Chemist: 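The structure's right below; bear with me while I get my questions together.
Treat the numbers as computed from the prediction; the structure is a model and nothing was measured. Lettering follows sequence order; numbering is per chain, from 1.
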There are 2 protein chains.
Amino acid sequence: MIVKDGLDGFGVNKLAKAAGVSPATIYIYYKDREDLIVQTAIRVTDTMLKESLADFDPDNMSFEEGLRQQWKNRSSHFLNNPLDVQFMEKMRYSHLYDKVADKVYNTFKEVMGRFYHNAVKRGELLQLPTEVYWSLAFAPLYQLIKFHSQAKSFGPQKYHFTEESMEQTLQLVLKALKP
Amino acid sequence: MIVKDGLDGFGVNKLAKAAGVSPATIYIYYKDREDLIVQTAIRVTDTMLKESLADFDPDNMSFEEGLRQQWKNRSSHFLNNPLDVQFMEKMRYSHLYDKVADKVYNTFKEVMGRFYHNAVKRGELLQLPTEVYWSLAFAPLYQLIKFHSQAKSFGPQKYHFTEESMEQTLQLVLKALKP
DNA sequence: AAGATAAGTGAGCGATCGTTTACTTACGAA
DNA sequence: TTCGTAAGTAAACGATCGCTCACTTATCTT
């Protein structure tokens with residue numbers, strides 16, 4: 001590790017103590033600290049993505065049904081695994097993240113791409129550049145989750161992540177994305 | 001600093017060397033490393049927020065005009081100051097961020113609140129819970145900026161932040177937020 | 001010119017970082 | 001039973017961390 005990875009708080013000695021093993025034990029299973037972090041992130045991300053596809057059928061769901069299922073899966077996963085959120089958010093701003101994305105998103109991209117194209121073909125969804133689509137379809141959800149996990153993210157006021165606010169936000173997103 | 005702050009890469013010795021001064025000099029102007037970071041983040045955030053209000057008039061602009069101006073100001077600021085983005089993104093996931101938000105967002109919140117209420121009163125904007133409004137009004141923009149600053153944030157594909165994709169995203173957001 | 005004060009420095013403190021070394025234990029194969 | 005190997009450990013290595021100390025230099029007052 002030549003460059004800092006932006007992931008302090010995940011020191012090898014500290015993790016070993018928390019896991020109740022010797023630091024040296026960690027180096028039996030991982031090449032070095034970077035390998036430990038990348039492998040863990042891959043595992044966490046892979047689990048999240050697999051969970052996000054639960055009860056999701058890209059070929060036999062309307063766009064609204066499919067997107068709602070994705071939102072439900074992702075939100076419940078992150079609400080149930082707040083430590084994963086914390087870890088992955090730090091990870092997302094580390095240069096190590098590329099190594100995770102490269103390994104993990106392939107199958108997922110294929111499914112989501114099919115879902116997108118089916119919806120466009122059925123006339124339920126605008127045809128959009130990928131970055132525009134993602135900024136609308138998922139960024140609002142992640143903002144809600146972030147609000148919730150931080151409790152106060154903008155000024156002293158508290159925001160709560162509820163079923164209603166999620167559904168309301170989803171409805172607005174659908175309104176934006178429908179032709 | 002008892003708990004890790006998630007801001008490695010900002011070591012005092014390293015910053016001192018980069019600034020061409022002795023580490024001891026830093027402690028003339030800042031109480032400790034945390035003070036240095038918080039004060040810097042306050043200055044950076046304050047600058048960003050002031051720039052985001054350039055040519056912005058919460059009382060004499062339509063919702064569309066006002067939101068577009070905000071988007072333009074924020075995006076151009078972040079595109080011109082990528083190091084600020086990097087620093088603030090790390091900061092946003094540090095527990096130190098609360099100290100920044102408390103000091104900085106007050107005047108800004110007042111202006112944005114007025115802008116919001118004016119637009120609702122004129123019937124240009126849906127009345128929404130704060131977290132829903134913010135998730136729609138700004139999260140998509142920040143997602144675009146993030147895509148740009150990371151070059152690849154989701155899989156191997158590259159996304160480009162262009163005037164067109166920003167304007168297109170803004171149009172969808174407006175479509176969602178208008179009654 | 002002399003003294004007071006502010007501003008800055010090099011060297012290094014103790015603590016913690018990632019990592020390795022030398023060694024011990026557990027266990028199936030011969 | 002003995003041997004080979006895999007799994008684990010305590011201890012500590014050099015490097016770097018945040019931070020301080022003893023000291024020098026620059027600036028201002030009288």
Chemist: May I ask you to evaluate whether A:Lys14 reaches the phosphate of C:dT16, defined as a side-chain N or O under 4.0 Å from OP1 or OP2?
Modeler: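 Answer no for this pair, as no side-chain N or O of A:Lys14 is under 4.0 Å from OP1 or OP2.
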Chemist: If I take atom OH in residue A:Tyr27 and atom P in nucleotide C:dC17, what distance separates them, rounded to the nearest angstrom?
Modeler: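 My rounded result for the distance is 12 Å.
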Chemist: Using whole Å, report how far CD1 of A:Ile37 lies from P of C:dG18.
Modeler: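 Roughly 8 Å, once rounded to whole Å.
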Chemist: Tell me: CG of B:Asp8 to P of D:dA15, nearest whole Å?
Modeler: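 Result: 20 Å.
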Chemist: Step through the shown structure and confirm whether more than 12 heavy atoms of other residues, nucleotides or ligands are within 6.0 Å of NZ on B:Lys90.
Modeler: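 Correct, the count exceeds 12.
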Chemist: Rounding to an integer number of Å, can you tell me how far A:Asp32 CG sits from C:dT20 P?
Modeler: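 So the CG-P distance, A:Asp32 to C:dT20, works out to 8 Å.
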Chemist: How close or far is atom C1' of C:dT9 from atom CD1 of B:Ile26, stated in whole angstroms?
Modeler: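 One finds 13 Å between C1' of C:dT9 and CD1 of B:Ile26, rounded.
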Chemist: Verify the distance criterion only: is there a donor paired with an acceptor across the side chains of A:Arg74 and A:Gln70 at less than 3.5 Å?
Modeler: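 Yes, because at least one side-chain N or O of A:Arg74 sits under 3.5 Å from a partner of the opposite role on A:Gln70.
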Chemist: For the pair A:Lys99 and A:Glu34, find out whether any cationic side-chain nitrogen is under 4.0 Å from an anionic carboxylate oxygen.
Modeler: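 So A:Lys99 pairs with A:Glu34 through a salt bridge.
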Chemist: Can you check the A:Arg33 CZ to D:dT16 P distance for me, whole Å?
Modeler: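 After rounding, the reported distance stands at 15 Å.
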Chemist: Pick the closest DNA chain C nucleotide for A:Ala24 and for A:Gly11 by heavy atoms, then say which residue is nearer the 5' end.
Modeler: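 Here A:Gly11 is the residue nearer the 5' end.
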Chemist: If you measure from the Lys or Arg side-chain nitrogens to the Asp or Glu carboxylate oxygens, is any gap between B:Glu167 and B:Arg68 under 4.0 Å?
Modeler: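 A salt bridge links B:Glu167 with B:Arg68.
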Chemist: Rounding to a whole Å, what distance do you find between B:Tyr29:OH and D:dG18:C1'?
Modeler: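 Going from OH in B:Tyr29 over to C1' in D:dG18 covers 20 Å.
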Chemist: Rounded to the Å, how far apart are B:Lys17 NZ and D:dT16 C1'?
Modeler: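 Interatomic distance, NZ of B:Lys17 to C1' of D:dT16: 11 Å.
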Chemist: For the base of C:dG10, is there a side-chain donor-acceptor partner from B:Ser22 under 3.5 Å away?
Modeler: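 Counting by modelled atom types and ignoring angles, a donor-acceptor contact under 3.5 Å is found here.
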Chemist: Toward the 5' end of DNA chain D, which comes first, A:Gly20 or A:Asn13, by nearest nucleotide?
Modeler: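 Its nearest nucleotide being more 5', the pick is A:Gly20.
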Chemist: Among C:dT9, D:dT20, C:dT19, which is the nearest nucleotide to the side chain of A:Val12?
Modeler: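 The answer is C:dT19.
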